[in-house]
Amino acid sequence: MVASGPQAVVATYSALPATISLMNAPLRRSFYDRPPDIVARELLGKLLLRETSLGLCGGLIVETEAYLASGDPACHAAKGPTKRNAAMFGEPGHAYVYSIHAKWCFNTVTERAGVGSAVLIRAIEPLINLELMLARRPLSTTRDLARGPARLCAALDITRDLDGVDLTTAEHLWIAKSPGFKLSSAGIGISTRIGVTSAHDLSLRFYLRGNTFLSGTKKLNR
DNA sequence: CTACCGATTGACT
DNA sequence: GTCAATCGGTAGA
């Protein structure tokens with residue numbers, strides 16, 4: 001059993017020269033209490049961490065998408081609150097977990113309660129406790145383990161149970177800074193969002209350029 | 001209750 | 001590159 005709460009975890013990240021020590025203190029609520037396109041961009045290079053009775057696991061966020069409270073018909077909040085999207089209208093810094101095509105996807109709620117915006121985490125680079133994550137997706141290669149929003153949820157065991165959970169405590173699911181990772185604007189790619197059937201024109205997908213663990217096609221990742 | 005849809009994935013050409 | 005399986009959420013009878 002791995003103790004919860006801030007602690008150092010060790011991992012090797014492909015873009016860094018060597019094994020690095022990562023502190024896992026959760027980002028504060030103020031980080032999330034901003035427009036989703038800002039949060040989506042700044043979540044790149046952060047660590048997504050998941051704690052269960054089987055131990056700690058996680059990885060580096062390499063791809064995100066913003067869903068806007070207004071002017072964005074692709075956003076689940078666009079038609080107002082329902083039972084499904086209730087978490088999106090709650091406090092920032094909580095999880096919004098929804099089902100699509102019989103799978104789960106994970107978002108962080110952004111902006112103040114009542115607004116209805118979020119950031120979808122689309123891909124992580126697996127770093128911590130690969131064995132555990134691979135056990136949850138036994139047919140997957142390491143590259144495909146968490147490349148895609150539903151794959152990532154399967155690898156981290158994120159389901160409906162975590163809908164609405166607070167991301168600012170190191171209990172079940174949270175996001176932390178990864179020391180040593182520098183976000184440069186040159187390293188960030190921006191494209192239209194993947195899979196949406198409306199608002200094709202909005203460039204609200206953010207990704208770490210050149211990262212091996214991105215979902216989508218080569219063309220979108222240039 | 002039924003019917004339809006989808007912010008996906010994995011198998012296949 | 002194409003395409004169908006999958007099932008929870010939602011709307012409507």
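Quick note on labels: first sequence line is chain A, next is B, and so on, each numbered from 1.
- Taken residue by residue, residues 189-204 of chain A places heavy atoms nearer than 4.0 Å to DNA chain B at A/Ile194, A/Gly195, A/Val196, A/Thr197.
- Among the heavy atoms of the strands, none lies under 4.0 Å from A/Asp144.
- Applying the 4.0 Å criterion to OP1 and OP2 of B/dT9, one finds that A/Arg147 has every side-chain N and O outside that range.
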Just by protein heavy atoms under 4.0 Å, how would nucleotides 1-13 of chain C read 5' to 3' in B, S and -? S----BBSSS---
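- Residue A/Leu152 contributes atom CG, which lies 17 Å from atom C1' of B/dG10 at whole-angstrom precision.
- Helical stems involving DNA chain C, defined as 3 or more consecutive Watson-Crick or G-U pairs under 3.5 Å, span B:1-6 with C:7-12, B:8-12 with C:1-5.
- Using a 4.0 Å cut-off between a side-chain N of Lys or Arg and a carboxylate O of Asp or Glu, A/Glu63 and A/Arg147 do not qualify as a salt bridge.
- Among the heavy atoms of the strands lying under 4.0 Å from A/Arg137 are primed sugar atoms or P, OP1, OP2 only; no base atom is included.
- A donor-acceptor distance shorter than 3.5 angstrom exists from the side chain of A/Glu65 to the backbone of A/Ile194, with no hydrogens or angles considered.
- Distance CZ/A/Arg29 to OH/A/Tyr32: 9.5 Å, rounded to 0.5 Å.
- Taking 4.0 angstrom as the limit, A/Arg122 places a side-chain polar atom (N or O) nearer than this to OP1 or OP2 of B/dT8.
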A/Cys57/A/Leu156 under side chain to side chain contact (heavy atoms under 4.5 Å, CB included): CA gap, chis, key distance, verdict: CA-CA 7 Å; A/Cys57 66; A/Leu156 300 183; 3.6 Å; yes
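- Using a 4.0 Å heavy-atom cutoff across all strands shown, A/Ala74 reaches at least one base atom of the nucleic acid.
- At whole-Å resolution of the value, CG in A/Leu120 and P in B/dG6 are 17 Å apart.
- Residue ring and base: A/Tyr98 does not count as stacked with B/dA7 (centre distance below 5.5 Å and interplanar angle below 30° not both satisfied).
- Between A/His76 and A/Tyr67, the ring centre distance reaches or exceeds 6.0 Å.
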